[in-house]
Amino acid sequence: MASLNVGNLGEYLREQRRAAQLSLRQLADATGVSNPYLSQIERGLRKPSADVLQQVAKALRISAETLYVRAGILDEREREELETRAVILADPSINERQKSVLLQIYDSFRRENGYAPAPDAEADAEVASDTKAGADAEAGSGAEAAPGTHAGPHVQAGPDADAKEHHDPHS
């Protein structure tokens, strides 16, 4: 079955190289991988290392994770998780603390659904735990929690909060 994956990988690489309008020699120059070796990969005769796949992906401007899946190095679900993490980490509209908290929530949902976090998630979790106190404080100040999460009791903020919280309509 591994040779089927390698053949599949080779066909995919050939299609991507042609779509990028690169000759095999140009791809070899761009990656630093020999022309004959790339030819053998495309014909399904060789299974490249993750490093070679990463070089090829960079030269073709495609996802290295997609190549890892096609080569049988990475599971499809792992690829999807890594891509999700990459999108979150690359989002310029949220700050680092928010990214860490979002990754922590993502991991908790995955665990709840029976999936273990990816190995890289451990580093994300360490960063997230460092910022958890700040997130908890923000959640307690009336900030909305992510759907499906529990950020503690909802306390209404503002000047009327105490009056509404202790107001008995029957008195």
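The chain is numbered in sequence order, starting from 1.
Going from atom CD of Q16 over to atom CG of L27 covers 11.0 Å, rounded to the nearest 0.5 Å. Rounding to the nearest 0.5 Å places OG of S100 at 8.5 Å from CD of Q104. Here E15 contributes atom CD and E42 contributes atom CD; the two are 10.0 Å apart, rounded to the nearest 0.5 Å. Rounding to the nearest 0.5 Å gives a distance of 7.0 Å between CG of L53 and CG of L13.
Donor-acceptor pairing under 3.5 Å is recorded for the side chains of S39 and R43. Inspection of the S49 and D51 side chains reveals no N or O donor paired with an N or O acceptor under 3.5 Å.
Under the 4.5 Å side-chain heavy-atom criterion for Ile, Leu, Val, Met, Phe, Trp and Tyr, L103 and I94 are members of the same hydrophobic cluster. Hydrophobic clustering (side-chain heavy atoms under 4.5 Å, transitive across Ile, Leu, Val, Met, Phe, Trp, Tyr) groups L82 together with V69. Linking ILVMFWY side-chain heavy atoms closer than 4.5 Å, directly or via other members, places V52 and L9 in a single hydrophobic cluster. At a threshold of 4.5 Å between side-chain heavy atoms, the hydrophobic network of Ile, Leu, Val, Met, Phe, Trp and Tyr places L24 and L60 in one connected group. Both V56 and I41 sit in one connected hydrophobic cluster of ILVMFWY residues. Membership requires side-chain heavy atoms under 4.5 Å apart, directly or through other members.
Using a distance-only test at 3.5 Å, with no hydrogens or angles considered, a donor-acceptor pair links the side chain of Q55 to the main chain of T31. A donor-acceptor pair is defined here as one N or O able to donate and one able to accept, closer than 3.5 Å; such a pair exists between the side chain of Q98 and the backbone of N95. E78 contributes a side-chain N or O that, together with a main-chain N or O of D75, makes up a donor-acceptor pair within less than 3.5 Å. A donor-acceptor contact shorter than 3.5 Å is absent between the side chain of R46 and the backbone of Q40.
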*asked:* Walk me through whether E96 and K99 qualify under salt bridge (charged side-chain N to carboxylate O under 4.0 Å, His left out).
replied: CA-CA 5 Å; E96 294 305 311; K99 290 174 186 179; 3.3 Å; yes
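Looking at every heavy atom in both residues, S34 comes nearest to A28 through C-CB, 4.1 Å. Residue Y37 comes nearest to K47 through the heavy atom pair OH-O, 3.9 Å, listed as atom of the first residue, atom of the second, then distance.
Counting heavy atoms from C-beta on, the side chains of Y115 and E81 never come closer than 4.5 Å. Residues R17 and Q26 fail the side-chain proximity criterion, which asks for heavy atoms closer than 4.5 Å.
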